[in-house]
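Below: one structure, written as structure tokens.
Numbering of ligands and ligand atoms starts at 1, following listing order. One-based numbering along the sequence shown.
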Amino acid sequence: MAVCLIEIPQDSPGFNQFIGSWAHLGKTNFIVDVGPANTATRLIDRLESLGIDRLDNIFLTHIHIDHAGGLADVLERYPMARVICHEKAIPFLTDPSRLWTGSLSVLGKTAILYGMPKPVEEKWFIPHSRCNIPGLTIVETPGHAVHHLSFSYDGKLFAGEAAGNYLALDNETYLRPATPPRFFLAAYLESLERLLALENQSLCYGHFGEAPHSHEMLDRFHAQLHRWKEIILEELTKGEENPIPGCMKTLLENDPEIKLFKKLSPSMQHREKFFLSNSINGYFELLRERQSFGS
Ligand SMILES: [Zn+2]
């Protein structure tokens, strides 16, 4: 049995150590997420170079286009694979037009970089509620996305973005909320509780890499979501016309989990600034809607 992270290179500076697919190889072969449409052939090439000619399953943590966009191409190469995803997400994959419109509005040019997903026929899917794979635990983890799932198998927790975004560099870690609009804070926190109720195991992030102790990382992320809420609320009381730069500055100065930002390469910093802004924006929208924010 082996679990490995396959990095899927993207054609944009700074998008390294960011997009990938987890592969579990052994008695059962599965991958978790497939990356964007535009780079599906890179994932397929890599799977082939690992000698994989059979995929039993593809697990999708969620259907954002950087996780599920390449699905049609991967299924064309591995037609024996069955796709496990949230039952309510399936219509967005059989007809991805709404998914694409939403991606363009949240991600702009980055959506173009990832590419437009092709439709996938319904016959490939097994709704998560009807999936029964021995040894696999599926946990509903809404928050980052409404139809988000996490998968625990063989001592590994594949958490997509339910545990935030992660990077390890020079024995230090970087942890950032993945909270673009619309995100659901109360649901996010409840999802963390559900993951904390599982045994302590290795945590495999959607972006990017593996941390050995899920409980420690989930606790840290839980605290960070609250910290961001407090800092952003405080910043908003200043009444700036555009509060994002102030929020970002204060977060970078006061959130120890993103201290490593200073050591990232300039192009990775550029990438992270885009996603930090998006995550701050998610908090703004939450505030505007007055939903879940008291939690
Ligand atoms: Zn996502």
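- Aromatic ring orientation, His86 versus His147: tilted (interplanar angle from 30° to 60°).
- The tally of protein N/O/S atoms under 2.8 Å from the Zn ion (ligand 1) stands at 4.
- Ring planes of Phe158 and Phe30: perpendicular class, angle over 60° (limits at 30 and 60°).
- A ring-ring contact (aromatic ring centres under 6.0 Å, His included) with Tyr166 holds for exactly one of Tyr174, Tyr205, Phe18; it is Tyr205.
- A perpendicular orientation is assigned to the rings of His148 and His144, their planes being inclined by more than 60° (bins at 30° and 60°).
- Taking the centre of each ring, Tyr283 and Phe183 come in below the 6.0 Å mark.
- Using a 4.5 Å heavy-atom cutoff, the side chains of Leu50 and Cys4 are in contact.
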